[in-house]
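Okay, so here's the structure we're looking at.
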Amino acid sequence: MRTRFPPSPTGALHLGGARTALFNWLFARHHGGEFVFRLEDTDRERSRDEHVDSIMGAMDWLGLDWDQGPFYQSQRFDRYRQAIQQMLDSGRAYWCHCPPERLDQVRQEALAKGGKPMYDGHCRELGLGPAPGAVVRFRGPNSGDTAWKDLIKGPISFANSELDDLVILRSDGSPTYHLAVVVDDVDMGISHVIRGDDHVSNTPRQILLYQALDSPVPQFGHVPMILGPDKTKLSKRHGATAVVDYRELGYLPEAMLNCLARLGWSHGDQEIFSRQELVELFNLEAVGRGAAVFDVDKLNHLNAHWLQQADPQRLADLLPPFLAARGVNAFDRATLVKAIPEIRPRTKTLVELADWAEPYLVEAPAIDPKAGAKFLVSANRPVLERVRGLVAELGVEAPEAMEEAFRQLAEELGVKLGGVAQPVRVALVGRTASPGIFEVLAILGRERSLARLDRALSAIQG
RNA sequence: GUCCCCAUCGUCUAGCCAGGUCCAGGACACCGGCCUUUCACGCCGGCGACACGGGUUCGAAUCCCGUUGGGGACGCCA
């Protein structure tokens, strides 16, 4: 049992492609089979090396490792030509000399007559040979049906009369997609072809090609498309559509995987799946047949969940680029690791985590103007002075004692606990929102806490 | 235009294949409350769907037909 993922390197790995890759990977891993990675770069015009790197980078980020490959179709042209020759010899293919203009005309006429714009088989029985500008076409049956039992959609059938004779060798001597995929899937022993919905109508023609090559036909499973919020095919105008975009937006690969898996596949009411659970539970039968709209809110929720599960050390490893984007380049890693468990319940992405971490990592955090104007005022001098004294006296290692002292202070000053905590909070981190005030003190430590309290005090004076 | 596919809350979906236990369950989002030193987290509650029309049946979200809507394909792109 062997699956494959064959993107064409003409752009970054999209969410749809990533999900297709994931399903193939999961299916192979679940059944203990193999997963093949191949690059369909027969279109030399649009294929680029940078896209190959980008796609492989995205696969790596998601942890979708392959057992064989990467294979490049551009390196297998000889094999394709051999297959085409085989079909020419057996009469399953023929040379066609029709110029593009005639093809256009034929299609126009067919369309006008209310039919499909198909090739009319003009050269089919002419017994032509190679010539400049000539192509090779597959000689398809013009009666009967081609059907298969789709692993996801069930029985599907096409009338062969709906299929025209497709080009398998271009006039420039390169093979076309249809021919290359089939030859590759045969040579690489692919048993299950799991791909996007948009390939359904390609399937009957490819099945015919397998038969013409006297090769076993694999099983097919067509997964529905991923749509944008407006229910049209997901594309750039919907915003971030590339997997790497989400890495930069601060999402964790395990969240992306979880999200992609649940987009079209389900296991009862379960929403949270680890990579391992996915491998154990994945099955094609539970993949839905309808298209699905991608919802960032759901990704946010999943990411928030996995962010809480992640090892703080690992998060600290992932954070530098996000901190650098905020201008924080040098900082004490130990402080960051200490802060992460406290700040992360308040965040959903690494971008937000970096935002919440910043006040603990810089020498003097910026004071939010509104917060400063409200809490760093002369009326709060006594509170800050008293708290400074408490921190100096008690340190930050005894939160119980500190809390008791805070409560006594609040009672003495006739305010609620918040009346004490808020000014201190703004003095310490420059914002009105933070983890519990005693946790903040613990993260900063005695000396830095005192320094910030002093700084706030002198700011009030000035 | 022709062919193919699809259709449950705003979104992802369970249920459908083996009709009744579904005046349809879960999750996200949204709204309200609780918790609370702030902000979150968490907990509780609320809002909210079987596209429409026929048929089969004692009984249909589940089976059949049609309609409508959506998507895809129709290339010397993949």
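No hydrogens, no waters, no symmetry mates; every other heavy atom, side chains included, goes into these values.
Qualifying side-chain contact (heavy atoms from CB on, under 4.5 Å) partners for A:Glu40, counting only residues two or more places apart in sequence or in other chains: A:Pro6, A:Ser8, A:Arg38, A:Gln73, A:Tyr177, A:Val181. Listed by chain and residue number, nothing satisfies the side-chain hydrogen bond (donor to acceptor under 3.5 Å, both in side chains) test with A:Tyr119 (two or more places apart in sequence, or in another chain). Scored by the ring-ring contact (aromatic ring centres under 6.0 Å, His included) test, A:Trp66 finds A:Phe37 as partners (sequence neighbours excluded). A:Ala110 is linked by a side-chain contact (heavy atoms from CB on, under 4.5 Å) to nothing, counting only residues two or more places apart in sequence or in another chain. Residues passing the side-chain contact (heavy atoms from CB on, under 4.5 Å) test with A:Arg275, sequence neighbours excluded: A:Trp25, A:Leu257. In this structure A:Gln105 satisfies the side-chain hydrogen bond (donor to acceptor under 3.5 Å, both in side chains) test together with A:Glu109, sequence neighbours excluded. Residues passing the side-chain hydrogen bond (donor to acceptor under 3.5 Å, both in side chains) test with A:Glu385 are A:Arg381, sequence neighbours excluded. In terms of the side-chain hydrogen bond (donor to acceptor under 3.5 Å, both in side chains) criterion, residue partners of A:Asp41 (sequence neighbours excluded) are, by chain and number, A:Ser74.
Contacts of A:Thr42 with the nucleic acid, taken as non-hydrogen atoms under 4.0 Å apart, involve only primed sugar atoms and P, OP1 or OP2. Within 4.0 Å (heavy atoms only), A:Gly290 reaches sugar-phosphate atoms of the nucleic acid but no base atom. A:Val135 comes within 4.0 angstrom of a base, heavy atoms only.
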For residues 284-299 of chain A, which side-chain donor-acceptor pairs fall under 3.5 Å, sequence neighbours excluded?
residue	atom	partner	partner atom	Å
A:Glu285	OE1	A:Asn283	ND2	3.3
A:Asp295	OD1	A:Asp297	N	3.2

Which pairs, protein N/O on one side and nucleotides 63-73 of chain B N/O on the other, fall under 3.5 Å?
residue	atom	partner	partner atom	Å
B:rA73	O4'	A:Ser201	OG	3.1
B:rA73	O2'	A:Ser201	OG	2.7

N/O-N/O pairs, protein side and nucleotides 16-25 of chain B side, under 3.5 Å:
residue	atom	partner	partner atom	Å
B:rG25	N2	A:Asp269	OD1	2.9

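The C1' atoms of B:rC6 and B:rC16 are separated by 15 Å, rounded to the nearest whole Å.
With ring centers used as reference points, A:Trp265 lies under 6.0 Å from A:Phe282.
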Assign a letter to each nucleotide of nucleotides 29-46 of chain B from its 5' end: B, base within under 4.0 Å of a protein heavy atom; S, sugar-phosphate only; -, no contact. S-------BBBBS-----

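Mapping A:Leu263 and A:Tyr119 onto RNA chain B via the closest heavy atom, the residue that lands nearer the 5' end is A:Leu263. Between A:Glu271 and A:Gly288, the one whose closest nucleotide on RNA chain B sits nearer the 5' end is A:Gly288.
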